[in-house]
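The structure appears below as structure tokens.
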Amino acid sequence: MQSLESAVKDAVKKHPFCHASDLDPEAFANLMTDIIKNALQSQDFQDCIAGEIMGAIRQLGLH
């Protein structure tokens, strides 16, 4: 699984632009969607979610 940084870089590579202002609204929305999709699959995100779940379990006294 890739890192969050790699996930963002991979999404940006698919959308050629120099500045965010170069993107029209649809292209910007597509870029953001790709970033979010990639980020959700990253190891960093998975680790973050797992940490939040474990914290909640501890607060509930289930562990």
Side-chain angles (χ1 to χ4, degrees):
M1 201 173 275
Q2 64 184 345
S3 70
L4 185 55
E5 183 177 354
S6 295
V8 172
K9 284 181 180 180
D10 289 348
V12 170
K13 285 179 189 174
K14 290 197 278 184
H15 300 271
F17 65 97
C18 291
H19 303 282
S21 60
D22 295 342
L23 299 170
D24 64 33
E26 184 176 348
F28 183 77
N30 290 337
L31 171 62
M32 292 297 111
T33 301
D34 286 346
I35 289 173
I36 292 168
K37 285 179 180 178
N38 287 356
L40 289 172
Q41 297 173 12
S42 72
Q43 185 64 50
D44 297 337
F45 184 81
Q46 299 299 320
D47 291 346
C48 180
I49 293 296
E52 292 296 323
I53 291 170
M54 291 304 297
I57 288 171
R58 286 187 197 103
Q59 281 188 333
L60 294 171
L62 300 174
H63 186 263

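- Remark: Leu40 CG to Lys37 NZ distance equals 10.0 Å, nearest 0.5 Å.
- Partners of Glu52 under the side-chain contact (heavy atoms from CB on, under 4.5 Å) rule, at least two apart in sequence or in another chain, do not exist in this structure.
- Note that the CD1 atom of Ile35 and the NZ atom of Lys14 stand 10.5 Å from one another [nearest 0.5 Å].
- With sequence neighbours left out, the side-chain contact (heavy atoms from CB on, under 4.5 Å) criterion links Leu4 to Ala39, Ser42, Asp44.
- Under the side chain to side chain donor-acceptor pair (under 3.5 Å) criterion, Asp47 pairs with Gln43, sequence neighbours left out.
- Under a 3.5 Å cut-off, the side chain of Gln59 and the backbone N or O of Met54 do not form any donor-acceptor pair.
- The closest donor-acceptor contact from the side chain of Asp34 to the backbone of Leu31 lies at 3.5 Å or more, if one exists at all.
- Val8 and Ile36 fall into different hydrophobic clusters, where Ile, Leu, Val, Met, Phe, Trp and Tyr side chains are chained together by heavy-atom contacts under 4.5 Å.
- Between the CG atom of Asn38 and the CZ atom of Phe45 there is a distance of 12.5 Å, given to the nearest 0.5 Å.
- A pairwise comparison of heavy atoms in Gln46 and Gln41 identifies NE2-CA, 4.3 Å as the closest pair.
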